[in-house]
J.: 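The structure that follows is given in the form of structure tokens.
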2 protein chains.
Amino acid sequence: MDNRPSRKATRGTLEPRQGAQAIRRALAVLRILAAGREDGVPLAEVVRATGLTRPTVHRIVHVLIEEGIVERHDRTGRYAIGNQVPELALARARPSRLLVAANPSLRRASAEIGDTLFLTVRTGNDTLCVDRRIGVYPIQVLSIEVGARRPLGVSSAGVAILAAMPAQDARKIVAANEKRFEAYQTDIATVMSQITDARRRGYNMREIGLVQGTKSISTWIKTPDGQPAAAITVSAVRTRLGPRREQEVAEILLREARIIEQVIRG
Amino acid sequence: MDNRPSRKATRGTLEPRQGAQAIRRALAVLRILAAGREDGVPLAEVVRATGLTRPTVHRIVHVLIEEGIVERHDRTGRYAIGNQVPELALARARPSRLLVAANPSLRRASAEIGDTLFLTVRTGNDTLCVDRRIGVYPIQVLSIEVGARRPLGVSSAGVAILAAMPAQDARKIVAANEKRFEAYQTDIATVMSQITDARRRGYNMREIGLVQGTKSISTWIKTPDGQPAAAITVSAVRTRLGPRREQEVAEILLREARIIEQVIRG
DNA sequence: GGTCTGTTGTCCATAATATGGACAAGAACG
DNA sequence: CGTTCTTGTCCATATTATGGACAACAGACC
């Protein structure tokens, strides 16, 4: 593509290993398919999102089908993650460190706030919802489900995570996701300005959620090395989150984010 | 290797797609690593099991590390499935059809028998334990955990599954697993004779389980197309499974296997 | 009917990629 | 301090993956 790492440049630092282009491409395809969940993704969309040529994507996807890693839905012709992926995942029985660490915080915040809470992690250039807690208030925003995966920058949590990393890194990721933004009706400029706002505010707030009339607040969680790894998000109907209550909720989320960071630290 | 599919032979039938050797190899490596669970597998063992050369395995494994698909344990130097695999698996939220279908049968059989029950599926050339029920009897054989993965032919369930498929197919799989048998102290001849016994008996029985002094009984479950897809296994201390009770337990397992087959059929 | 524009799927000459033999360097052992 | 395990690296080479070009189908629109 554009960045060929001069064959013997900065040895020692993380110069990506050569001789596995096909494997990297296959994984890129898989990550796009994962964003499509059960429904899957049309081939053309995978081509757009990965920037690979269609013959290449086609070949990769069909080999992965033969291997049981990908499935093709006969009805729609869409491609989706196959059942061998969960089978491989069973090799890692225990739940992640973060999930365990965040559990009491999510329970506490959910009880205090009463609206839907989401725990979202960063994975590569994506956000991935890994936990959801439904509150007691009768109207709950359930648009996002556990397993939902979107490009960093698209969701409220994604903007929060980007806001918490060095501007340089954030810009790189946003640029890398450019081709995928179109499908979510956004673009680099919009995302970058949201990041700036969030950074200034100390948390991310978005007036228009994925669903009309909803509002979201997200705070980031950093690992001990200072890199943001996750975000906690509250989503509610807009009327539930006036300026006054926004302040209160944000304080709770910020408090719990700091607590989770402490727990991870050990 | 040995079987190059003559470039344009039996078109239409399932002639494996070309142009993705590297991807196939990477997946073969992943499946071996999955058998190592949390502890992982040393590089040399992966080389043995896959039959690939060491430079190739090394390259593949390290690219997968860069991609977050594989982890290397600093302590031991072993390689294991990384946390991005469960993340990809989240794309498939719902549990498998079989798991749902087998649930009542396992509950019922567990209550009747009182010893540990296992549900094991076939995945490629491996068996994978996907469910385990602990009975009421105070001594339980817990050697195998959910997620345990072994070459078909090694475990009692694996032999049962092989016994239920055409002899031709079984022989092919056993041959393919030859290199991996050594690590489990078995070989082609032993496995084939166990398969013959099981086929004659109608279920598989093994006097010496993985753990000394245990005995196992396994029955196979076939999908509507006649291919065996899974097995139910009882493991108990040998004294619990004398000839009389072996008969009773086998009948229960056979009954439940048929029920599960009916449920899957819809 | 015709003719767009959108798909998905396939072929094959070619260049770029992945390969593996050979070498290096540590660990564990006696 | 040789021996026998490991794991890791290099690089010339041939095998492999690549992508341009073509084909075929499905809707939408006139």
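These numbers were taken from a predicted model, which means no experiment stands behind them. Here is the naming used below: chain letters follow the sequence lines, and residue numbers restart at 1 for every chain.
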J.: Give each protein N/O atom lying under 3.5 Å from an N/O atom of nucleotides 6-8 of chain C, with the pair distance.
T.:
residue: C/dT7; atom: OP1; partner: A/Arg48; partner atom: NH1; Å: 3.3
residue: C/dT8; atom: OP1; partner: A/Leu43; partner atom: N; Å: 2.9
residue: C/dT8; atom: OP2; partner: A/Ala44; partner atom: N; Å: 2.9
residue: C/dT8; atom: O4; partner: A/Arg54; partner atom: NH2; Å: 3.0

J.: Can you measure A/Gln18 atom CD to D/dC11 atom P for me and round it to whole angstrom units?
T.: 12 Å
J.: Minimum heavy-atom separation for B/Thr233 and B/Ala157, please, with both atom names.
T.: OG1-CB, 3.5 Å
J.: Strictly by ring-ring contact (aromatic ring centres under 6.0 Å, His included), give each pair with a member in residues 50-70 of chain B just once, sequence neighbours left out.
T.: B/His58-B/His62, B/His62-B/Tyr79
J.: With a 3.5 Å cut-off and sequence neighbours excluded, list the donor-acceptor pairs that the side chains of residues 27-37 of chain B form with protein atoms.
T.:
residue: B/Arg31; atom: NH1; partner: A/Gln84; partner atom: OE1; Å: 2.6
residue: B/Arg31; atom: NH2; partner: A/Glu67; partner atom: OE1; Å: 2.4
residue: B/Arg37; atom: NH1; partner: B/Val146; partner atom: O; Å: 3.4
residue: B/Arg37; atom: NH2; partner: A/Leu90; partner atom: O; Å: 3.2
residue: B/Arg37; atom: NH2; partner: B/Val146; partner atom: O; Å: 3.1

J.: Counting just side-chain N and O atoms, does B/Thr53 come under 4.0 Å of either OP1 or OP2 of C/dT19?
T.: no
J.: Please determine whether a side-chain nitrogen or oxygen atom of A/Arg59 lies at a distance below 4.0 Å from atom OP1 or OP2 of C/dC11.
T.: no
J.: May I ask you to evaluate whether B/Arg17 reaches the phosphate of C/dT10, defined as a side-chain N or O under 4.0 Å from OP1 or OP2?
T.: yes
J.: What do the steps show when you test A/Glu66 against B/Arg24 for salt bridge (charged side-chain N to carboxylate O under 4.0 Å, His left out), and what is the final call?
T.: CA-CA 10 Å; A/Glu66 283 180 15; B/Arg24 279 189 214 279; 2.8 Å; yes
J.: Taking atom types as modelled and ignoring hydrogens, do the side chains of A/Ser216 and A/Ser156 form a donor-acceptor contact shorter than 3.5 angstrom?
T.: no
J.: Please compare A/Ala22 and A/Pro55 by the position of their nearest nucleotide in DNA chain C and report the one closer to 5'.
T.: A/Pro55
J.: For A/Arg92, enumerate each residue passing the salt bridge (charged side-chain N to carboxylate O under 4.0 Å, His left out) test, keeping only those at least two apart in sequence or located in another chain.
T.: B/Glu71
J.: Look at B/Arg25 and C/dG20 and indicate whether a side-chain polar atom (N or O) is within less than 4.0 Å of OP1 or OP2.
T.: yes
J.: Between the two ends of the helix from C/dG1-D/dC30 to C/dG30-D/dC1, what is the bend in degrees, rounded to 10 degrees, where each end axis spans five pairs?
T.: 40°
J.: Looking only at the side chains, is there a donor atom on one of A/Asp187 and A/Thr190 sitting less than 3.5 Å from an acceptor on the other?
T.: yes
J.: Rounded to the Å, how far apart are B/Ile60 CD1 and D/dT7 C1'?
T.: 16 Å
J.: Hey, mind stepping through B/Arg75 and B/Asp39 against salt bridge (charged side-chain N to carboxylate O under 4.0 Å, His left out) and telling me if it holds?
T.: CA-CA 11 Å; B/Arg75 222 35 208 275; B/Asp39 290 343; over 6 Å; no
J.: Please list, chain by chain and in numerical order, all residues satisfying side-chain hydrogen bond (donor to acceptor under 3.5 Å, both in side chains) with B/Asn83, sequence neighbours excluded.
T.: none
J.: Round to a whole Å and report the spacing from CG of A/Leu64 to C1' of D/dA17.
T.: 14 Å
J.: How long is the line joining CZ of A/Arg78 and P of C/dG9, in whole Å?
T.: 14 Å
J.: D/dT16 C1' sits how many Å from A/Gln21 CD, rounded?
T.: 11 Å
